[in-house]
Asks: 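The structure's right below; bear with me while I get my questions together.
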Amino acid sequence: IAGAARMKVKICGITTPEDLLLADRAGADYAGIVLASGSKRQVSLERLRELGAVPVRLKRVGVFVRATPRQIARAILLGRLTVVQLYGCSFRQAGIEVWYATPGKHARHTIVLDAYPGLGRVGDWNHAARVARTRRMVLSGGLTPDNLDAAIQTVHPWCVDVSSGTEASPGHKDHQKVLAFIRKAKS
């Protein structure tokens, strides 16, 4: 069980240097940068390079859907990524942490549990709690500052991951929601 003092926070859907700095200064541990085509929050390789140049303490997470190892490796270099979050693909490289978005076959890895990826819908927290008891889990999907306490109390994840729950509009963070989410997760 992850105690409140050790709770990790990932602010996902970062699309601008300003939002990356906001997440960093507010105390997030991870910033998710979406590289999945078709997403409202997808960044271009040029923007990824720009985000990689921003001096931050948090870890940058590249979010990929069905990407090739070559695409992932290129993005790691451009964006100075230290973590990759994978949906429907796999990747291995020394020094890069891998989070798989499907439980089961990659049980030794961190699992991202998001029942409806990219839709901001809450999944089955009772199922998530069972998964969190057996492996390091990132809880994602429909989290907001308003439901975060209940999610943490029910699931006991290692990390909480939010995107739309901290946005003013897709790809644009609401500063007050980001601050409120991180404050609640870390308290």
Asks: Is the distance between the ring centroids of Y87 and W99 under 6.0 Å?
Replies: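 Between W99 and Y87, which both carry aromatic rings, the centre distance is not below 6.0 Å.
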
Asks: Rounded to the nearest 0.5 Å, what's the gap from OG on S187 to CG on D149? Could you check?
Replies: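 Going from OG on S187 over to CG on D149, the span is 6.5 Å.
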
Asks: Look only at the side chain of K40 and the backbone of S169, and say whether a donor-acceptor pair between them is shorter than 3.5 Å.
Replies: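 Judged by distance alone, no pair lies under 3.5 Å.
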
Asks: Taking the side chain as every heavy atom from C-beta outward, state whether V155 and N126 have any atom pair closer than 4.5 Å.
Replies: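 With C-beta onward as the side chain, the pair stays apart.
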
Asks: Listed by chain and number, what are the side-chain hydrogen bond (donor to acceptor under 3.5 Å, both in side chains) partners of Q71, not counting sequence neighbours?
Replies: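 For Q71, the residues satisfying side-chain hydrogen bond (donor to acceptor under 3.5 Å, both in side chains) (neighbours in sequence not counted) are T68.
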
Asks: Please report the C-alpha distance between E167 and R41 in whole Å, then the side-chain angles of each, then the deciding distance to 0.1 Å, and finally whether the salt bridge (charged side-chain N to carboxylate O under 4.0 Å, His left out) criterion is met.
Replies: CA-CA 11 Å; E167 289 180 327; R41 296 165 189 89; 2.7 Å; yes

Asks: So, using side-chain contact (heavy atoms from CB on, under 4.5 Å) as the criterion, who are the partners of H175 when residues are at least two apart?
Replies: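 Counting only residues at least two positions away or on another chain, H175 forms a side-chain contact (heavy atoms from CB on, under 4.5 Å) with D19, L22.
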
Asks: Search all heavy atoms of A23 against all heavy atoms of I182 and return the closest pair with its distance.
Replies: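 In this case the closest contact between A23 and I182 is O-CD1, 4.2 Å.
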
Asks: For a side chain to side chain contact (heavy atoms under 4.5 Å, CB included) check, start with the C-alpha distance between L139 and W125, then their side-chain angles and the critical distance, and finish with the verdict.
Replies: CA-CA 9 Å; L139 181 63; W125 288 349; 4.3 Å; yes

Asks: Which heavy atom of V160 sits nearest to which heavy atom of A185, and what is that distance?
Replies: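 What the structure gives for the nearest pair is CG2-CB, 4.0 Å.
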
Asks: Looking at side-chain heavy atoms only, is the closest gap between V63 and L35 below 4.5 Å?
Replies: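 A side-chain contact is absent here, since even the closest heavy-atom pair is not under 4.5 Å.
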
Asks: Taking side chain to side chain contact (heavy atoms under 4.5 Å, CB included) as the criterion, tell me which of D161, V138, I33, V65 meets it with Q85.
Replies: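 Per the side chain to side chain contact (heavy atoms under 4.5 Å, CB included) rule, the option paired with Q85 is D161, out of D161, V138, I33, V65.
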
Asks: Given K186 and D29, is the salt bridge (charged side-chain N to carboxylate O under 4.0 Å, His left out) satisfied, shown in steps?
Replies: CA-CA 11 Å; K186 298 283 185 177; D29 302 285; 2.6 Å; yes

Asks: Do the non-hydrogen side-chain atoms of I14 and T16 ever get within less than 4.5 Å of each other?
Replies: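 No, side chains not in contact.
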
Asks: Counting distance only, does the side-chain N/O of K184 pair as donor-acceptor with the main-chain N or O of P145 below 3.5 Å?
Replies: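 Pair found, side chain donor or acceptor close to backbone of P145.
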
Asks: Treat each ILVMFWY residue as a node, draw an edge where side-chain heavy atoms are under 4.5 Å apart, and state whether L51 and L45 are in one component.
Replies: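 Per the 4.5 Å side-chain linkage, L51 and L45 are co-clustered.
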
Asks: Name all pairs fulfilling the salt bridge (Lys or Arg N to Asp or Glu O under 4.0 Å) condition that reach into residues 46-66, sequence neighbours left out, sorted by first residue then second.
Replies: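 Of all non-adjacent pairs touching residues 46-66, those that pass salt bridge (Lys or Arg N to Asp or Glu O under 4.0 Å) are D24-R57, E46-R49, R47-E50.
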
